[in-house]
Asks: 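Dropping a structure here in structure tokens format, bear with me for questions.
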Amino acid sequence: ERERARRDEHGRRRMSLANVESGIEPYVLLAKNVASASAMGGLLSRAIDDVHCLVLGELLDHPHARELEACDAPEWRLAALFAFGTMSEYREKSSHLPPVSENAVKKLRWLTVVSLSIETRMLSYECLLRELGMDDVRALEDLLIAGIYEGVFRGKLDQKNARIEIVDTIGRDLAPSSLPVLIDDVRAWHAQTGRVLEAIESEASGT
């Protein structure tokens, strides 16, 4: 109980989000000396196991990583899942992927919370237990507190109503398949903004 209280207190104190660039930077530097696709696969595995490395996009763009992608290597598929996917996807495909450490599982669960919060900021414990592949509320709360402490997301636990309200999160890697949707959203936003400005200008000129 004392350890749990200590982590809870740290979670309240540390409200800033993690700097995702600082987490991947050491691996980007190491990638400059990678000489083969096999070595790149090993570097990707190290980055996946590191709970502080929350994005993988720069590594996936490396030429030797692209070689792994071209041959549909398990290392590539695992790294892409950690960059863009969720815990439920991992559970579905785990039999065809390399094994991962407990740290990696914890990180993917945090990132899954980030992805789930895009749809709704209020996440019930029931939903989280299902999506994260967990069955213990105490363990779930510990995971959420740790995620807040590490700066993966900011949120408020509501134990009475068995839910967490996500206030803010880090940004995840953007999957290539998401780009057309993002472009359409930006165009729609730009068009709406233009209409609002025209209405404001028209109202101002009429007064």
Asks: Are any side-chain N or O atoms of Thr120 and backbone N or O atoms of Leu116, one a donor and one an acceptor, separated by less than 3.5 Å?
Replies: no
Asks: Drop me the distance from Leu108's CG to Phe82's CZ, to the nearest 0.5 angstrom.
Replies: 4.5 Å
Asks: Do any pairs count as a side chain to side chain donor-acceptor pair (under 3.5 Å) and have a residue in residues 99-113, sequence neighbours left out, and if so which ones?
Replies: Asp49-Ser101
Asks: Take Leu44 and Leu60, measure what side chain to side chain contact (heavy atoms under 4.5 Å, CB included) needs, and give me the verdict at the end.
Replies: CA-CA 8 Å; Leu44 286 172; Leu60 294 179; 4.3 Å; yes
Asks: Give me the atom names and distance for the closest heavy-atom approach of Ala47 to Cys53.
Replies: O-CB, 3.6 Å
Asks: Checking side chain to side chain contact (heavy atoms under 4.5 Å, CB included) against Phe153, which of Ile148, Leu111, Asp168 comes through?
Replies: Ile148
Asks: For Ile48 and Ala104, work out which heavy atoms get closest and say how close.
Replies: O-CB, 3.7 Å
Asks: Are Val137 and Ile145 connected, step by step, through hydrophobic side chains (Ile, Leu, Val, Met, Phe, Trp, Tyr) whose heavy atoms are closer than 4.5 Å?
Replies: yes
Asks: Could you walk me through whether Tyr125 and Gln159 pass the side chain to side chain donor-acceptor pair (under 3.5 Å) check?
Replies: CA-CA 9 Å; Tyr125 286 4; Gln159 293 177 313; 5.3 Å; no
Asks: Find the distance between OG (Ser38) and CG (Leu68) and round it off to the nearest 0.5 Å.
Replies: 8.0 Å
Asks: Would you please name every residue forming a side chain to side chain donor-acceptor pair (under 3.5 Å) with Asp72, sequence neighbours left out?
Replies: Arg77
Asks: Measure the CE-CG distance between Met87 and Leu81 for me, rounded to the nearest 0.5 Å.
Replies: 9.5 Å
Asks: Between Leu123 and Ser117, which heavy-atom pair has the shortest distance, and what is it?
Replies: CD1-N, 4.3 Å
Asks: Say you draw a straight line from CG of Asp136 to CD of Glu141; how long is it, rounded to the nearest 0.5 Å?
Replies: 9.0 Å
Asks: Filter on salt bridge (charged side-chain N to carboxylate O under 4.0 Å, His left out), then keep only pairs touching residues 156-167, sequence neighbours left out; what's left?
Replies: Asp158-Arg163
Asks: Keeping to residues at least two apart or across chains, list the side chain to side chain donor-acceptor pair (under 3.5 Å) pairs with something in residues 53-66.
Replies: Asp61-Arg66, His64-Glu67, Arg66-Glu69
Asks: On a heavy-atom basis, which atom in Val114 and which in Ile170 lie closest, and how many Å separate them?
Replies: CG1-O, 3.7 Å
Asks: Can you list every pair that meets side chain to side chain donor-acceptor pair (under 3.5 Å) and has a residue in residues 78-93, with sequence neighbours left out?
Replies: Thr86-Ser88, Thr86-Glu89
Asks: Membership question, hydrophobic clusters at under 4.5 Å side-chain separation (ILVMFWY): are Val105 and Leu97 in the same one?
Replies: yes
Asks: Ignoring hydrogens and angles, tell me if any N or O in the side chain of Arg121 forms a donor-acceptor pair with the backbone of Gly155 under 3.5 Å.
Replies: no
Asks: Using every non-hydrogen atom in the two residues, find where Val55 and Gly171 come nearest and quote the distance to one decimal.
Replies: CG1-O, 3.7 Å
Asks: Donor-acceptor pairs under 3.5 Å, side chain of residues 127-135 to any protein atom, not counting sequence neighbours: which ones?
Replies:
none

Asks: If you measure from CG on Leu59 to CD1 on Ile24, what distance do you get to the nearest 0.5 Å?
Replies: 4.0 Å
Asks: Could you walk me through whether Val34 and Leu30 pass the side chain to side chain contact (heavy atoms under 4.5 Å, CB included) check?
Replies: CA-CA 7 Å; Val34 166; Leu30 289 171; 5.8 Å; no
